[in-house]
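One structure is given below, encoded as structure tokens.
A, B, ... follow the sequence lines: proteins, then strands. Residue 1 opens every chain. If you're wondering where the values come from, they're calculated on a predicted model, not measured in any experiment.
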Amino acid sequence: MALELKQSEFEIERDKNKCISCEVCVRQCSNDVHEYDSDQDTLYSDNSKCVGCRRCETLCPTGALKIRNREDQFKTNYNWTSSHLSNIYRQADSGGVLLTGMGSDRAHTVYWDHILFNAAQVTNPSIDPLREPMEIRTFIGRKPERLDFEINRNKDSKESLKDTNIKLKTKVPPQLDLSTPIMFSAMSYGSVSLNVCKSLAAAASEFGTYYNTGEGGLHKDLYGYAKNTIVQVASGRYGVDVDYLNKGAAVEIKIGQGAKPGIGGHLPGEKVTGDISNTRMIPEGTDAISPAPHHDIYSIEDLAQLIYALKEATNWLKPVGVKVSAVHNIAPIASGIVRAGADFVTIDGLRGGTGAAPQIIRDNVGIPIELAIASVDERLREEGIRYRSSIIAAGSIRSSADVIKAIALGADAVYIGTAALVAIGCHLCQKCYTGKCNWGIATQDPYLTKRLNPEIGTRKLLNLLRGWSLEIKEMLGGAGINAIESLKSNREHLRGINLNDRELAVLGIKHAGEAW
Amino acid sequence: MNRLNNINKINRNTQEYFSRFRIPSGCAVFGVVNESGERFSGQMVMDGISVMHERSNGLGGGFAAYGIYPGFEDDWVFHVFYDDMETKRQTEDEIARNFKILFGEEIPTVKISQIVNPPVIYRYFLKSKRNGDAFETEEDSIMDFVMHVNRDIRGAYIVSSGKNMGIFKGVGFPEDIGRFFKLDQYKGHLWTSHGRFPTNSVGWWGGAHPFGLLNWSVVHNGEISSFGTNKRFVSRFGYECTLSTDTEVITYLLDLLVRKQKIDIELVHLILASPLWEDIERMPVKERDILKALRILYGSALLNGPFSIIAGSSDFMYALNDRIKLRPLVAARKDRYLFISSEEAPIRRICASPDHLWHPDGGEPVIGIVRKKEIKKEIKSVRKIQDNKKFTKLVNTEMISLNKSRGDLNGSGIKAI
């Protein structure tokens with residue numbers, strides 16, 4: 001093999017004094033980084049194969065391993081960075097599109113980190129969530145413009161309304177009922193293992209929120225969690241039939257994904273094994289290629305037809321939403337989607353995750369979710385149609401603070417994908433597309449998938465939801481608010497820091513230090 | 001004509017300048033309604049609110065009075081604040097274009113040392129001549145006009161715009177504001193009042209309470225932490241918050257829910273201070289479904305944060321606390337009188353032994369309803385005494401000061417201390 005010009009990204013340090021040659025590292029690494037030489041009774045590591053997933057370092061019983069980022073891969077150059085050089089070397093070798101996994105790691109401005117939340121002082125008492133009720137229950141779905149009642153009251157009687165015959169005349173469309181404004185984002189069976197799906201489904205079900213099947217169909221082991229399942233209909237239509245649609249609590253049409261706007265998906269044939277082939281309803285060993293557009297949606301009116309077709313197919317009992325990636329014209333696009341009849345609109349931002357995407361697209365196409373949410377909420381309100389659909393924000397929600405800020409900017413709820421995977425072990429090595437995930441998450445290799453125990457996964461996810469929910473309540477109470485709906489689009493509670501006038505204007509917030 | 005965006009360009013001594021600040025405030029609220037529609041002097045309310053002097057800091061006081069212009073019961077009455085005479089001329093041109101002006105005058109006031117730097121204050125009695133086709137109802141066209149003036153004409157603020165009612169407010173302690181406007185000489189069947197404790201030094205006349213739109217008036221103690229959410233919610237229905245106060249948004253919510261969406265006033269508290277989910281889930285199915293629907297739809301209309309409000313309308317007074325009762329509110333009844341107050345003392349001052357005095361729970365409304373029939377009856381009887389000649393006469397005969405010992409309200413049986 002010719003000399004590889006690309007330098008290894010990581011350096012593996014093994015402390016010989018601590019190493020007991022137990023070979024845990026050898027067994028744990030699916031990339032064959034570590035090798036045991038029985039003649040020498042010693043372990044060797046090949047830096048060039050390491051992906052930096054930290055599995056060996058985490059599991060080494062004596063702490064003998066250290067994985068270090070190599071700062072000196074190449075001579076320092078602020079323009080021609082290591083990543084540009086490595087990519088060019090790789091492409092000169094392969095001639096292909098470079099793939100990557102997870103969300104963008106570029107230094108795009110993270111607006112969450114430039115937004116500060118408010119708290120109440122004196123004029124408005126803060127509320128202690130441990131002593132007072134604090135409500136974060138959230139409903140996703142289409143809302144009518146008003147409610148009409150039929151009240152039959154005896155004109156002369158003094159009885160209060162409580163005792164009179166009052167009937168609701170307006171029919172409220174189906175809603176998703178979330179105990180916390182956080183749901184698990186679409187991750188398909190195929191891109192992640194069944195154990196991951198089980199963990200997500202069980203946690204969503206136990207906590208009273210929802211997980212999303214992604215476009216990989218619904219494995220029969222997950223049927224029991226139907227009440228907490230959002231089923232996705234993507235361009236490949238894998239696993240979609242009327243039973244699938246009716247298994248979910250809601251249907252989401254996937255148009256785009258933040259990590260790869262305008263791009264379809266590709267699950268290589270090698271991964272389409274028995275169960276996956278059954279679930280996706282495609283022959284074993286065939287490539288599962290999701291086209292870039294839906295082949296029956298070439299315009300907004302086509303989307304409207306699909307939305308209503310899906311509503312018909314599910315007897316108008318389930319909300320039907322649309323997921324799009326945040327692109328430059330997201331505000332009018334979202335407006336079109338709402339007018340096309342979507343009950344909720346999911347917007348996935350620039351930094352959103354993926355199992356596999358061309359790196360060049362992931363890092364350069366789309367806009368950050370913070371700006372997208374702010375402009376969509378503003379536009380829908382200007383047009384007077386904001387109430388019709390719920391907005392779900394996705395694309396790198398990293399903490400409960402991000403959730404609170406997203407809601408104050410105008411989202412109804414958020415989807416978390418990467419954060420959920422991190423909770424069950426992901427270390428963001430960004431090699432999901434290789435199928436060799438050492439943490440047993442983005443892989444179908446039974447040797448690797450069994451590393452994730454779905455019961456433990458469920459517990460970790462429940463803890464994450466619980467922890468974030470408690471923090472949300474603390475922050476709400478601190479701001480003197482005791483119901484999450486009073487935070488929605490309440491930008492008075494946000495201030496920007498280190499942002500220019502344009503950015504503040506798009507976000508619709510004042511700068512820190514500016515009072516009412 | 002549009003308001004300037006750059007606050008630095010605005011003269012600091014004008015209402016225009018102050019209108020740019022949103023001023024959260026602590027306050028005193030007090031309201032009295034006679035459910036028989038009998039009218040009583042503003043002196044009673046001034047006496048009541050003055051007891052709560054400590055709850056205000058002299059940066060705002062005001063009164064809303066219903067039934068004070070019986071001679072013009074079917075006509076719109078605007079009370080308007082002007083920064084200067086030029087603004088007045090401009091606004092009057094606008095009014096003349098849109099209304100038939102039956103009568104207009106400077107609202108009579110007395111010079112007292114406690115009240116400094118008042119704006120130019122006028123009232124107009126009007127019949128609308130706006131084209132009815134452009135709006136669903138006449139009220140909508142009035143609302144549109146009021147919003148237009150308050151937004152687009154610099155230094156002009158229509159502070160009340162209802163029928164047979166008026167709002168009198170300004171910078172000062174409420175009892176002084178009452179004296180300034182000679183409210184002892186007006187008689188109405190429903191009065192609300194407010195003493196303000198803004199949490200910064202900005203005091204401006206337009207920002208005082210009550211806040212009014214059409215027949216609505218709202219006095220409010222507290223701070224609405226859901227302001228941003230509520231403001232965006234009402235903006236969808238054409239309500240623009242121009243005066244930067246929490247109270248403004250409460251007024252618009254009431255107008256939207258009760259007048260436009262026809263939600264029964266007895267249901268409104270289920271939206272503005274909705275029950276907790278845990279309580280809703282324990283209710284019988286039918287009630288639960290209704291409450292759930294209300295919360296799902298009107299979540300953005302929920303008023304969050306501490307508040308006690310008293311809202312007045314032509315035929316009812318409505319009081320409500322936030323759902324976890326973070327602000328005080330006391331109510332009492334005596335005969336056909338309903339009193340609502342921040343504290344008990346003012347009620348006792350006016351009425352030493354009420355039939356019933358209670359502290360409403362958080363989210364539990366208190367409603368005093370005056371039958372429309374009885375208001376009409378009262379209007380007729382007033383007309384009889386009046387000579388029905390000149391307008392000024394009509395207004396002035398209303399200003400009968402109570403020569404009787406203070407508190408004996410036309411033989412209503414309520415004795416002052």
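Between chain B and the residues A/Thr138, A/Asp377, A/Thr170, the largest count of heavy-atom pairs under 4.5 Å involves A/Asp377. Highest contact tally toward chain A, considering only B/Asn230, B/Leu257, B/Leu294, B/Asp289, is held by B/Leu294 [criterion: heavy-atom pairs under 4.5 Å]. Of the listed residues A/His493, A/Lys167, A/Glu485, A/Arg491, the one with more heavy-atom pairs under 4.5 angstrom with chain B than any other is A/Glu485.
Listed by sequence position, A/Lys143, A/Pro144, A/Glu145, A/Arg146, A/Leu147, A/Asp148 are the residues of residues 140-148 of chain A in contact with chain B, using a 4.5 angstrom heavy-atom cutoff.
With a threshold of 4.5 angstrom between heavy atoms, B/Lys260 approaches chain A through N, CA, C or O but not through any side-chain atom. Of the atoms belonging to B/Leu326, it is side-chain heavy atoms, and not backbone ones, that fall under 4.5 Å from chain A. For B/Ile296, the parts lying under 4.5 angstrom from a heavy atom of chain A are both the backbone and the side chain.
Side-chain N or O atoms of B/Ser225 include one that pairs as donor or acceptor with a backbone N or O of A/Gly480 at under 3.5 Å. Looking at B/Thr229, its side chain does come within 3.5 Å of a backbone N or O of A/Lys488 through a donor-acceptor pair.
A/Phe149 meets the ring pair (Phe, Tyr, Trp, His ring centres under 6.0 Å) test with no other residue; sequence neighbours excluded.
Closest approach of B/Gly305 and A/Asn124 over heavy atoms only: CA-OD1, 4.4 Å.
Between A/Asn490 and B/Arg232, the side chains place no donor N or O within less than 3.5 Å of an acceptor N or O (distance only, hydrogens not considered).
With respect to A/Glu382 and B/Arg236, no salt bridge is recorded, no charged nitrogen being found less than 4.0 Å from a carboxylate O.
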